[in-house]
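Scroll down for the structure; my scribbles are underneath it.
All residue numbers in this chain count up from 1 along the given sequence. This is a predicted model, so every value here is computed, not measured.
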Amino acid sequence: MQYDVVFYVAYPYYFPHFLPIEVVLKKEGLSVHFVLSNEQNTDLMLQIAKKNSLDYTLGKDALKILDAKVIFFANVPDVNLKIKAKKVFLCHGTGTKQCGFENALERCDIVFVEGTYRYEYYTKMFSQYKNKIKKVGYSKLDPLFDIQDIQVTKLKEKYNLDSSKKTILYAPTFFPSSIEKMDDNFPKDFKEYNILVKPHYLSWERKRYAKQRKKFEAWSKYDNCHIYMSKEYDLVPFLMMADVMISDESSAIFEFASLNKPVIINRFLKLRWSYYLNPKKLFNRMDKNMNRYRVLGENPTSYKEMLYVTKKALADNSAFEEARLSLAKDVCGKLDGKASLRIVEVLKDLCANP
C-alpha cells in the first residue's frame, strides 16, 4: 500500500506536533501512517498510537521500505537515509534554537517554520533554500483555540487540582536547568497554590539527572504539588490549566506566552563543572538569540527573587502583556488554530506532484 504521508516519531513528545496535522490530513482524505522508533520508550509510543487509533509500524527501518509520497520528520533525517519519498521537516520545539535547520534545509524538500523570527533568519542565512522554507505557525498549539472553560474545569478535575486555588506550572528543561537550584520546600513556599511540575522527558530518562529526580521526590511529599512523569508526554493540557509558568531555557516559555499568560524565566542555573572551568563552552551552548526574547517576563537570578516575582504575577498578570503577545507571535507565528491546515495544504501539493 502507498501512503500519502508518513510521520516518523523518534520520541513521544513529537506526537503533540503531529496529531493535529494528522487530524486535518484525514479530513482531507489523505492516507496517513506512523513509524515509531523502537529504540526507547516503546511501550509509551505504542500506548499513544493505540489511544489515538493510529495506523503504525514499529521500527525506524520501516522508513526504507514503506511506499510513501511524503515522510514527515521532527528531527533532522539521517544523511544516509535513502528514500524515494519527499522529506519534510518541522522542528519539535519553537523558539530561537537552530534545531539542525541547516542540515534539514540540505536534506529535506520542505522545511516548515513557525513565525517571522525563524523565517527571516533562515531565508537570509540560507537564501539558496528560500523556496523550501514555509512559514505556517505552530501546530502544537492548534487544539488550544477550540478550548472552552468547561474543558479546563474537567481537566483540573482529572488531575485532582483544588479549583479554589490558582495554578503554577513549573516546566524546566534538563540542561542548563534551574531544577537543582530550586528549594526542597518549593511547594511549601507556594502552599496557597496548585503546583504542576512537568519536567523535560530527559530529566526522567538519563542517569546523569538523578539529582533532579531526587528534587522531584522531595516535592512530591507535599499535597499541593503534582509531579508528572514522562508518560505525560503532552504539555498542552498543562498550559491550559496553569495561571503562570516558571521555566528557564525551555521553548515552552513561548508556547505559554502565546496564550497571553505570564512567564517567569529563571536565570539561576545548575551547570556542569566543565562549564565553570570553560565559560566559553557555556557561551557556545546557550542560545545567544534568546536574549532578545527575555523581555517576555520576569528573569529572576535567585530562588528568593523567583518567589517574589511569581506571586506578583499571580496577583496581576498584566505586566509584560504587550511583549508577550508581540514576541510570542514573532516566534510561534500566526495564532489562529489553523497552522495544521496550512501545513496540510503544502503536503497536498507535494503528494500531487511526487
Side-chain angles (χ1 to χ4, degrees), residues 13 16-17 20-21 74 88-102 104-105 110-127 129-145 147 169 171-173 235-236 238-240 242 244-267 285-300 309 313 317-343 345-346:
Y13 54 85
H17 301 270
I21 303 169
V88 300
F89 173 79
L90 174 68
C91 182
H92 59 272
T94 189
T96 58
K97 294 181 180 179
Q98 292 192 18
C99 295
F101 272 94
E102 181 175 358
L105 285 166
I110 294 292
V111 171
F112 292 115
V113 295
E114 303 85 24
T116 303
Y117 169 76
R118 274 182 171 162
Y119 183 77
E120 291 185 350
Y121 181 83
Y122 288 107
T123 52
K124 181 179 179 180
M125 289 291 293
F126 306 101
S127 58
Y129 296 126
K130 185 174 181 178
N131 291 337
K132 289 185 176 184
I133 305 171
K134 307 294 181 183
K135 183 172 66 172
V136 291
Y138 196 44
S139 61
K140 181 178 178 179
L141 297 181
D142 279 355
L144 292 171
F145 291 88
I147 294 300
L169 170 62
T173 192
L235 185 63
V236 170
F238 301 93
L239 301 179
M240 292 165 54
V244 65
M245 184 177 77
I246 304 168
S247 189
D248 33 54
E249 296 298 311
S250 172
S251 64
I253 66 170
F254 300 106
E255 299 172 6
F256 199 74
S258 70
L259 305 178
N260 195 20
K261 295 182 179 183
V263 294
I264 310 298
I265 308 168
N266 285 347
R267 301 296 296 276
R285 178 182 175 90
M286 299 290 279
D287 179 15
K288 295 174 284 295
N289 292 319
M290 175 72 174
N291 289 327
R292 65 182 285 199
Y293 293 105
R294 295 198 186 280
V295 295
L296 281 170
E298 298 280 5
N299 286 244
V309 297
N317 64 9
S318 62
F320 303 96
E321 182 173 28
E322 185 177 348
R324 282 199 299 266
L325 292 176
S326 63
L327 296 180
K329 184 177 179 181
D330 191 27
V331 171
C332 293
K334 194 171 184 178
L335 301 168
D336 59 359
K338 297 180 180 179
S340 298
L341 181 60
R342 288 187 284 273
I343 290 170
E345 289 302 313
V346 176

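- Taking S318 as the reference, D316 meet the side-chain hydrogen bond (donor to acceptor under 3.5 Å, both in side chains) condition, with sequence neighbours excluded.
- Within 6.0 Å of NZ on K261 lie more than 12 heavy atoms contributed by other residues, nucleotides or ligands.
- Between L105 and F126, the closest heavy-atom pair is CD1-CD1, 3.7 Å.
- Looking at N266, its side chain never comes within 3.5 Å of a backbone N or O of N299 through a donor-acceptor pair.
- In this structure E345 satisfies the salt bridge (Lys or Arg N to Asp or Glu O under 4.0 Å) test together with K348, sequence neighbours excluded.
- Listed by chain and number, the residues in a side-chain hydrogen bond (donor to acceptor under 3.5 Å, both in side chains) with E120 amount to none (sequence neighbours excluded).
- Counting only residues at least two apart or in different chains, salt bridge (charged side-chain N to carboxylate O under 4.0 Å, His left out) contacts with residues 132-143 comprise K140-E255.
- Checking F112, Y129, Y122 one by one against F101, the ring pair (Phe, Tyr, Trp, His ring centres under 6.0 Å) holds for a single residue, Y122.
- Residues passing the side-chain hydrogen bond (donor to acceptor under 3.5 Å, both in side chains) test with N317: none are found, sequence neighbours excluded.
- Formation of a donor-acceptor pair under 3.5 Å by the R324 side chain with backbone atoms of A319 is found in this model.
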>> What verdict does the side-chain contact (heavy atoms from CB on, under 4.5 Å) test give for Y13 and L235, after you've listed the backbone C-alpha separation in whole Å, the side-chain angles of each residue and the deciding distance to 0.1 Å?
In response: CA-CA 9 Å; Y13 54 85; L235 185 63; over 6 Å; no
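- Between the OG atom in S258 and the CG atom in L239 there is a gap of 8.0 Å [rounded to 0.5 Å].
- Nearest heavy-atom pair across P143 and S139 is CD-O, 3.8 Å.
- Here the CZ atom belonging to F254 is positioned 12.5 Å from the CG atom belonging to L141, to the nearest 0.5 angstrom.
- The CG atom of L90 sits 8.0 Å away from the OH atom of Y138 when rounded to the nearest 0.5 Å.
- Residues V346 and I110 are in side-chain contact: their nearest non-hydrogen atoms beyond the backbone lie under 4.5 Å apart.
- Of all heavy-atom pairs spanning I265 and G297, the tightest one is CD1-N, 4.4 Å.
- Counting only distance, with no hydrogens or angles, the side chain of S127 and the backbone of T123 share no donor-acceptor pair below 3.5 Å.
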> Hey, mind stepping through L169 and V244 against side-chain contact (heavy atoms from CB on, under 4.5 Å) and telling me if it holds?
Replying inline: CA-CA 6 Å; L169 170 62; V244 65; over 6 Å; no
> Is there a side-chain contact (heavy atoms from CB on, under 4.5 Å) between V113 and I133 once you walk through the steps?
Replying inline: CA-CA 7 Å; V113 295; I133 305 171; 3.9 Å; yes
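- Taken to the nearest 0.5 Å, the CD1 atom of I343 stands 10.5 Å off from the NE2 atom of H17.
- For the pair S247 and I253, the tightest heavy-atom approach, listed with the atom from each and the gap, is CB-CG2, 3.6 Å.
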>> Evaluate E114 against K334 for side-chain contact (heavy atoms from CB on, under 4.5 Å), listing each step before the verdict.
In response: CA-CA 8 Å; E114 303 85 24; K334 194 171 184 178; over 6 Å; no
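- What you find for F145 and L335 is that their closest heavy atoms are CE2-O, 3.4 Å.
- Residues meeting the ring-ring contact (aromatic ring centres under 6.0 Å, His included) test with Y119, sequence neighbours left out: none.
- A distance of 12.5 Å separates CG of D248 from CD1 of I264, quoted to the nearest 0.5 Å.
- At a threshold of 4.5 Å between non-hydrogen side-chain atoms, the residues E298 and F320 count as touching.
- Atom CG of residue D330 and atom OG1 of residue T116 lie 5.0 Å apart, to the nearest 0.5 angstrom.
- Under the 4.5 Å side-chain criterion, counting only non-hydrogen atoms from C-beta, L259 is not in contact with M240.
- For L296 against A257, the heavy-atom pair with the smallest separation is CD2-CB, 4.1 Å.
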